[in-house]
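Contents: one structure, followed by commentary.
When reading the values below, keep in mind they use all heavy atoms of this one structure, side chains included, and skip hydrogens, waters and symmetry mates.
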Amino acid sequence: MLKPPAIPQAGPLGQPKSPKQVGAPADATRAAIPFDNPQTPEKIALGQKLFFDGRLSADGTVACSTCHNPARAFTDGRPTSVGINGRIGQRNAPTILNALYNKTQFWDGRVKTLEEQAALPIVNPVEMGQPSLDAAVARIAAIPEYQDAFRKVFGGPPNARDLLRAIASYERTQLSFDSPFDRFIAGDSTAIDDAAKRGWELFNTRARCNKCHALSEQKRDATSFTDNDFHNIGIGIIRHNVVALARQAEQAIKSGDTSQIDRAAIQTDMSALGRFLITRRARDIAAFKTPGLRNVLVTGPYFHDGSQETLWDVMDHYNKGDGLQDPYLDEDIQPLALTEDDIDDVVAFLASLTSAPYKDQGIKELARQRALSRTNRPQRDTARAFGPKPHQPQPPRP
């Protein structure tokens with residue numbers, strides 16, 4: 001149990017962002033706005049107010065912004081998030097920045113739209129703890145300011161559907177580009193240093209990052225940095241008997257029941273099953289969504305369980321091809337034989353993806369992580385990194 005932090009307010013970093021940023025994909029941005037939920041300034045303003053309002057939670061102590069704090073690039077800086085009554089979940093809070101481009105939402109992709117995504121934390125007992133969406137609506141429907149705003153935006157009193165549409169509309173305003181890397185791609189050769197340029201080359205070649213963080217291995221992707229797919233990268237599986245958990249999930253969770261899946265993912269060890277909770281396919285055991293990499297420097301700790309503190313830890317994990325005893329490990333995970341200089345260069349490239357509003361925060365965080373990496377490298381294993389790919393065990397028979 002932990003005490004949830006004070007509810008963050010919007011501040012300058014929480015305001016809607018202009019879509020006219022260097023590197024922002026205009027066509028994809030327009031395509032991300034659903035036909036049945038068009039953007040309007042009034043709807044976005046209502047969604048922003050709801051996003052930062054603790055009255056949506058059962059005890060008034062948690063808002064959407066508790067886990068998605070603009071000052072932390074819309075994350076919470078914790079390995080896993082804290083909800084009402086100090087309850088600790090199983091998953092790391094992903095950033096809202098650029099979530100409008102996601103093909104699916106959550107680490108396991110259990111829903112597709114931001115409207116669907118907004119609903120689940122409100123009714124999850126570990127997060128905002130409301131018994132139902134109607135209970136959350138009843139709380140805000142008693143507030144005259146909300147009554148007036150809903151009538152102005154939607155033409156009627158507060159209701160669950162419109163509440164979710166408003167929050168999703170606000171979230172779709174959180175575009176984040178305009179990084180040094182974007183300016184480099186746009187033609188400014190001085191926007192990033194030589195280390196970041198070498199890191200960009202390594203990202204697409206020997207470091208094999210593009211295997212997951214690109215839409216195509218043949219064409220370099222300078223926009224999304226995700227394949228919108230799910231991969232088992234060898235994180236966390238050794239701590240759990242996933243075969244037993246998979247059998248438990250098949251018995252305890254009705255296939256396709258998003259609410260049950262959400263509770264299992266946030267409240268139980270079945271969280272380790274990842275995408276399997278949705279598909280029930282053995283190859284999806286412990287597979288999680290490839291996150292985008294923009295602002296990755298300031299959105300740690302890393303991976304679905306927040307288990308890695310620095311980008312050097314992340315690189316060490318991949319460099320040694322971790323997951324030796326993981327029979328479901330993605331085939332692209334293998335030792336990379338990256339030198340220390342190589343790793344520093346890839347981190348320099350990742351740091352160059354920090355958007356302008358987070359520039360100062362990024363400088364401080366890079367210095368902190370670099371200093372830590374010089375004294376503490378729990379994932380580092382140079383012998384394995386430069387060795388052959390180990391034999392992978394076969395999945396157990398059902």
Task: Side-chain ion pair, Glu250 and Arg247, N-O less than 4.0 Å - done: no
Open item on the list: I'd like to know if the side chain of Asn228 pairs up with that of Lys289 as donor and acceptor (distance under 3.5 Å, no hydrogens or angles considered).
Closed with: no
- [ ] Name the orientation class of the two ring planes belonging to Trp200 and Phe181 (parallel below 30°, tilted from 30 to 60°, perpendicular beyond 60°).
- [x] perpendicular
TODO: Report the relative orientation of the aromatic rings in Tyr101 and Phe177; use parallel for angles under 30°, tilted for 30 to 60°, perpendicular for over 60°.
DONE: perpendicular
- [ ] For Arg110 and Asp262, run salt bridge (Lys or Arg N to Asp or Glu O under 4.0 Å): C-alpha distance rounded to whole Å, both residues' side-chain angles, the deciding distance at 0.1 Å, then the answer.
- [x] CA-CA 8 Å; Arg110 56 186 175 273; Asp262 183 71; 2.7 Å; yes
Open item on the list: Do Leu293 and Tyr302 land in one hydrophobic cluster if side-chain heavy atoms of ILVMFWY residues count as linked below 4.5 Å?
Closed with: yes
TODO: Give a yes or no on whether a salt bridge exists between Arg374 and Asp344, defined as a side-chain N under 4.0 angstrom from a carboxylate O.
DONE: yes
Open item on the list: Using modelled atom types and a 3.5 Å cut-off, is there a donor and acceptor pairing between side-chain atoms of Ser57 and backbone atoms of Met128?
Closed with: no
Task: Main-chain N/O of Thr113 paired to Glu116 side chain as donor or acceptor, under 3.5 Å - done: yes
TODO: For the pair Phe303 and His317, evaluate ring-ring contact (aromatic ring centres under 6.0 Å, His included) and give the outcome as yes or no after the intermediate values.
DONE: CA-CA 11 Å; Phe303 297 144; His317 167 83; 5.4 Å; yes
Open item on the list: Can you confirm whether the side chains of Lys112 and Gln105 place a donor and an acceptor under 3.5 Å from each other?
Closed with: no
- [ ] List the atom of Trp107, the atom of Arg91, and the distance in Å for their closest heavy-atom pair.
- [x] CB-NH1, 4.0 Å
Task: Check ion pair Arg368-Glu309 (N to O, under 4.0 angstrom) - done: yes
Open item on the list: Less than 6.0 angstrom separating the ring centers of His304 and Phe288, yes or no?
Closed with: yes
- [ ] Under the salt bridge (Lys or Arg N to Asp or Glu O under 4.0 Å) rule, what do Asp227 and Lys211 come out as? Steps first, then yes or no, please.
- [x] CA-CA 8 Å; Asp227 60 359; Lys211 295 289 183 179; over 6 Å; no
Open item on the list: With a 4.5 Å cut-off on side-chain heavy-atom distances among I, L, V, M, F, W and Y, is there a chain of contacts connecting Ile88 to Val126?
Closed with: no
Open item on the list: How close do Ile333 and Asn232 get, counting heavy atoms only, and between which atoms?
Closed with: CG1-O, 4.2 Å
Task: Within 6.0 Å of CZ in Arg72, more than 12 heavy atoms from elsewhere - done: no
Open item on the list: To check you understand the geometry: which heavy-atom pair defines the closest contact between Lys389 and Pro335, and what is its length?
Closed with: CA-CD, 3.7 Å
TODO: Take Arg172 and Glu115 through the test salt bridge (Lys or Arg N to Asp or Glu O under 4.0 Å) and record every step on the way to the result.
DONE: CA-CA 10 Å; Arg172 290 192 178 98; Glu115 286 81 359; 2.8 Å; yes
- [ ] Might you work through the salt bridge (Lys or Arg N to Asp or Glu O under 4.0 Å) test for Glu340 and Arg380, ending with a clear yes or no?
- [x] CA-CA 10 Å; Glu340 284 298 302; Arg380 185 176 182 180; 3.6 Å; yes
Open item on the list: Looking at Asp108 and Ile278, would you say the former's side chain and the latter's main chain have a donor-acceptor pair under 3.5 Å?
Closed with: no
Open item on the list: Can you tell whether the side chains of Arg87 and Glu127 come within less than 4.0 Å, N to carboxylate O?
Closed with: no
Task: Ionic contact status for Arg283 with Glu331, cut-off 4.0 Å - done: no
TODO: Could you tell me whether Asp342 and Arg206 have a side-chain N and a carboxylate O separated by less than 4.0 Å?
DONE: yes
Task: Candidate list Lys43, Gln48, Glu42, test side chain to side chain contact (heavy atoms under 4.5 Å, CB included), partner Ser169, passing option - done: Lys43
Task: Under-4.0 Å salt bridge between Arg183 and Asp178 - done: yes
Open item on the list: For the backbone of Leu311 and the side chain of Gln369, can you confirm whether one donor and one acceptor N or O come within less than 3.5 Å of each other?
Closed with: yes
Open item on the list: Is it the case that over 12 heavy atoms from other parts of the model lie below 6.0 angstrom from the NZ atom of Lys152?
Closed with: no
Task: Cluster overlap Leu336 with Val346, hydrophobic side-chain contacts below 4.5 Å - done: yes
- [ ] Have a look at Ser176 and tell me which of Asn98, Thr95, Thr354, Asn295 forms a side-chain hydrogen bond (donor to acceptor under 3.5 Å, both in side chains) with it.
- [x] Asn295
Open item on the list: Looking only at the side chains, is there a donor atom on one of Asp59 and Thr61 sitting less than 3.5 Å from an acceptor on the other?
Closed with: yes
Open item on the list: Can you confirm whether the side chains of Asp188 and Thr190 place a donor and an acceptor under 3.5 Å from each other?
Closed with: yes
TODO: Ignoring hydrogens and angles, state whether a donor on the side chain of Asp162 or Asn159 is under 3.5 Å from an acceptor on the partner side chain.
DONE: yes
Open item on the list: Can a donor-acceptor pair be found, under 3.5 Å and without considering hydrogens, that links the side chain of Lys197 to the backbone of Ser189?
Closed with: yes
TODO: Treating Ile, Leu, Val, Met, Phe, Trp and Tyr as nodes and any side-chain heavy-atom pair under 4.5 angstrom as an edge, say whether Leu97 and Ile44 lie in one connected cluster.
DONE: yes
Task: Quiz item: cation-pi between Lys49 and Tyr146, 6.0 Å / 45° - done: yes
Open item on the list: Check Arg275 with Asp284, please: is the shortest side-chain N to carboxylate O separation under 4.0 Å?
Closed with: no
